[in-house]
Protein chains: 2
Amino acid sequence: MEKMTIKDIAKLVGVSTATVSNYLNGNLTKMSPVTQRKIAEMIRNTNYVPSSVARGLATNDNKTIGVSVADITNPFTSTVLSGIYEECGKHGYRVLFTNASSDASRETDNISKLQNQQVSGLIIDPVEGDSPIFKTITNRDAVMIDRQASQIKVDTVVTDNFESVKRFVSKMLDEEYDTLYYVSWPLKNVSTRWNRYNGFLEATGYTSGTHYLSVHNTGDTSEFVDQLTEIMEDNVGKKVGFFTMNGRVLIRLLAAMEFLGLEYPIDYGVGSYEDLDWMSIMKPGISCIHQDSYAIGTKAVEILLDKLNSKTEAEPRLIEVPTTEKIRASY
Amino acid sequence: MEKMTIKDIAKLVGVSTATVSNYLNGNLTKMSPVTQRKIAEMIRNTNYVPSSVARGLATNDNKTIGVSVADITNPFTSTVLSGIYEECGKHGYRVLFTNASSDASRETDNISKLQNQQVSGLIIDPVEGDSPIFKTITNRDAVMIDRQASQIKVDTVVTDNFESVKRFVSKMLDEEYDTLYYVSWPLKNVSTRWNRYNGFLEATGYTSGTHYLSVHNTGDTSEFVDQLTEIMEDNVGKKVGFFTMNGRVLIRLLAAMEFLGLEYPIDYGVGSYEDLDWMSIMKPGISCIHQDSYAIGTKAVEILLDKLNSKTEAEPRLIEVPTTEKIRASY
DNA sequence: CTGTTAGCGCATTCAG
DNA sequence: CTGAATGCGCTAACAG
């Protein structure tokens with residue numbers, strides 16, 4: 001059973017390759033119903049499948065969208081990817097996957113490679129808000145997700161960071177905390193971290209730069225523990241709470257607190273962005289903000305394919321996907 | 001700046017396309033050093049990048065490996081994928097991603113699509129141990145990971161399931177448990193679940209079919225809670241322990257126990273397969289088996305590319321990646 | 001309604 | 001050491 005080509009089935013049916021090609025592309029008006037039927041049957045019998053590679057060469061559009069993610073290991077990201085894949089499948093697109101492992105230079109590399117593979121479109125989950133490579137992408141064939149560039153040059157799909165944190169932290173405030181802290185990876189140039197921080201500031205009224213605590217995602221957390229110690233000492237007798245900007249940061253906080261012999265919700269209160277499965281079985285459960293990662297993926301694809309089909313370049317938009325709250329008992 | 005082709009740079013340099021092609025493919029002996037230099041320079045100046053699509057058509061090998069995963073949302077799987085991507089990149093292969101969302105028919109679909117996209121090779125993380133589509137894949141261009149087929153027809157890379165569970169459970173036994181239970185998703189035809197169960201049986205000496213508890217990964221867990229209740233009632237005054245076959249199952253168990261008002265390690269002991277970041281911050285920390293998911297990914301790619309390059313079909317092998325133990329205080 | 005033909009960008013003989 | 005010619009599988013005018 002050799003690999004069939006369009007020529008083979010044309011010969012078998014007794015028509016030209018052009019006719020078969022037309023059939024494959026749905027130009028049914030260009031041939032008689034009999035021919036259609038004969039071609040259809042022959043294709044079924046031979047299990048013929050057109051070569052997407054050849055088609056890609058001929059049409060200069062190989063129906064694949066390239067995805068660059070910052071870190072596939074992040075549970076948020078894998079859910080987004082599943083959304084992307086699902087939506088692409090619905091529209092007959094494949095997905096070419098790349099992962100930067102949180103390394104900006106890897107990302108640059110990945111994106112330029114994707115561009116050179118002549119993908120139809122690009123979906124980028126950026127490592128940081130800025131990168132020279134971003135200058136090379138256009139709003140005609142790309143969309144960004146999760147994190148927004150400092151300058152929005154292409155459509156960007158993010159979760160509702162600012163407002164949802166503002167709302168959530170306001171609720172924490174209702175519990176009469178004396179003081180609240182925002183805990184995050186180093187803010188750097190990452191929009192999600194900043195937007196959540198700003199939502200936090202808006203709710204609390206604190207001034208920027210204060211009530212902010214950063215952890216490094218690398219091994220050593222002694223510095224972080226020291227800062228925490230100081231904060232807790234400064235606030236003896238007061239009610240102090242923390243808002244962590246994602247699940248992994250929350251883990252750092254909890255580990256550090258455990259190390260200090262402190263327990264929530266007694267010694268401190270805590271709430272977090274991101275809703276991970278294990279948060280519900282903590283004792284007590286972690287109150288958090290649930291984001292619809294899957295929808296971010298599907299939405300991004302929808303927008304992208306829309307653009308690809310209507311070759312008109314529009315103004316870049318910022319789409320915010322709403323969140324929900326899971327109130328449990330951690331604060 | 002139009003898209004350059006091999007013809008363009010051939011013309012610019014003043015040689016034929018064949019020479020440029022030879023240069024691109026490292027056949028440097030076929031041209032003078034001067035020509036090499038001129039071509040090299042021209043390529044640099046024009047930012048020329050050969051079209052992988054065209055090359056794919058011409059060579060009938062488009063340097064992409066297709067990946068079919070059972071569920072990208074599984075933390076295990078995303079780490080594996082990152083390993084796959086990394087190793088592929090090192091060897092100049094791209095990765096075409098597909099996800100079955102734990103649906104066997106989606107998987108069949110995905111794999112047959114990948115086959116029709118003329119990928120160079122296939123890596124499959126199967127939904128179940130058996131599927132008609134597996135008959136269509138050969139050991140020349142595919143490897144399976146994580147779960148093994150009931151009949152090993154292609155090289156398969158898995159974690160050391162049986163032995164590591166056997167060892168781990170033996171240690172639990174040293175703590176003088178009166179009785180131990182294995183908790184799992186329904187065993188079905190999934191090798192990882194069975195192999196871990198068999199390791200459990202080997203260590204405990206129980207007979208197959210006993211001391212086994214299954215949870216469904218769908219919403220309702222009332223049945224599971226009932227079984228648990230019964231077990232705990234049957235064993236009042238005795239020391240009872242549980243081994244969960246992965247992190248998500250552990251979560252179900254913990255949630256159910258919480259519902260019953262029971263606490264580890266007091267009312268029961270627990271250990272688990274899989275080492276997830278949150279397990280260390282549970283109180284007390286969860287003792288578990290740590291598997292090297294990343295290595296599974298890289299290993300799979302290594303084996304696959306090996307096969308692709310040495311077109312000789314060998315006997316399918318089963319490769320087991322070793323695990324390590326994280327002993328904390330949950331039993 | 002159907003067939004001819006010329007590419008798409010590159011690799012690969014085979015001559016020179 | 002170099003180039004002309006041919007083909008990979010398919011699409012897209014353009015004729016008929």
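Given the structure is predicted, the values throughout are model-derived calculations rather than measurements. A note on names: the letters A, B, ... follow the listed sequences, proteins ahead of strands, and every chain is numbered from 1.
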May I ask you to evaluate whether [X] reaches the phosphate of [N], defined as a side-chain N or O under 4.0 Å from OP1 or OP2?
{"X": "A:Y23", "N": "D:dC10", "result": "no"}
{"X": "A:T59", "N": "D:dT11", "result": "no"}
{"X": "A:T17", "N": "D:dT11", "result": "no"}

*For atom CG of B:N217, is the number of surrounding heavy atoms from other residues, nucleotides or ligands below 6.0 Å larger than 12?*
yes
*Is atom NZ of A:K299 surrounded by more than 12 heavy atoms (other residues, nucleotides or ligands) closer than 6.0 Å?*
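No, the 6.0 Å shell around NZ holds no more than 12 heavy atoms from other groups.
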What nucleotide among [options] has an atom nearest to a side-chain atom of [X]?
{"X": "A:T5", "options": "D:dC10, C:dG9, D:dT2", "result": "D:dC10"}
{"X": "A:A54", "options": "D:dG7, D:dT2, D:dC10", "result": "D:dC10"}
{"X": "B:S21", "options": "D:dC8, D:dT2, C:dT12", "result": "C:dT12"}
{"X": "A:R55", "options": "D:dT11, C:dC10, C:dT2", "result": "D:dT11"}
{"X": "B:T35", "options": "D:dT11, C:dT4, D:dT2", "result": "D:dT2"}
{"X": "A:A18", "options": "D:dA12, C:dC8, C:dG9", "result": "D:dA12"}
{"X": "B:T19", "options": "D:dG3, C:dT2, C:dA11", "result": "D:dG3"}
{"X": "A:S16", "options": "C:dG3, D:dC10, C:dC10", "result": "C:dG3"}
{"X": "B:I6", "options": "D:dC1, C:dC10, C:dC8", "result": "C:dC10"}

*5'-most contact on DNA chain D: B:P33 or A:K30, nearest heavy atom basis?*
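Whichever sits nearer the 5' end wins; that is B:P33.
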Calculate the interatomic distance between [X] atom [atom1] and [N] atom [atom2]; express it in whole Å.
{"X": "B:N27", "N": "C:dA11", "atom1": "CG", "atom2": "P", "result": "10 Å"}
{"X": "B:N25", "N": "C:dT13", "atom1": "CG", "atom2": "P", "result": "12 Å"}
{"X": "B:N62", "N": "C:dG9", "atom1": "CG", "atom2": "C1'", "result": "15 Å"}
{"X": "B:K7", "N": "C:dG9", "atom1": "NZ", "atom2": "C1'", "result": "8 Å"}
{"X": "A:M31", "N": "C:dT2", "atom1": "CE", "atom2": "P", "result": "7 Å"}
{"X": "A:R37", "N": "C:dC1", "atom1": "CZ", "atom2": "C1'", "result": "15 Å"}
{"X": "A:I9", "N": "C:dG3", "atom1": "CD1", "atom2": "C1'", "result": "15 Å"}
{"X": "B:L24", "N": "C:dT12", "atom1": "CG", "atom2": "P", "result": "11 Å"}

*In terms of side-chain heavy atoms, does A:T136 have a donor or acceptor partner in A:Q115 at a distance below 3.5 Å?*
yes
*With respect to B:D155, which candidate in B:L318, B:L304, B:I145, B:N139 satisfies the side chain to side chain contact (heavy atoms under 4.5 Å, CB included) definition?*
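When B:L318, B:L304, B:I145, B:N139 are each tested with B:D155, the side chain to side chain contact (heavy atoms under 4.5 Å, CB included) holds only for B:N139.
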*asked:* So, applying side chain to side chain contact (heavy atoms under 4.5 Å, CB included) with B:I9, which one of B:L24, B:V15, B:I43, B:T17 is it?
replied: B:I43
*Kindly determine whether A:E86 and B:R106 satisfy salt bridge (charged side-chain N to carboxylate O under 4.0 Å, His left out), including the steps that lead there.*
CA-CA 11 Å; A:E86 218 60 23; B:R106 295 289 316 275; 2.4 Å; yes
*Have a look at A:V15 and say if it touches a base, only the backbone sugar-phosphate, or nothing, with a 4.0 Å heavy-atom cut-off.*
sugar-phosphate
_At 4.0 Å (heavy atoms only), tell me whether B:N22 reaches a base, stays on the sugar-phosphate, or touches nothing._
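Since no nucleic acid heavy atom lies under 4.0 Å of B:N22, the category is nothing.
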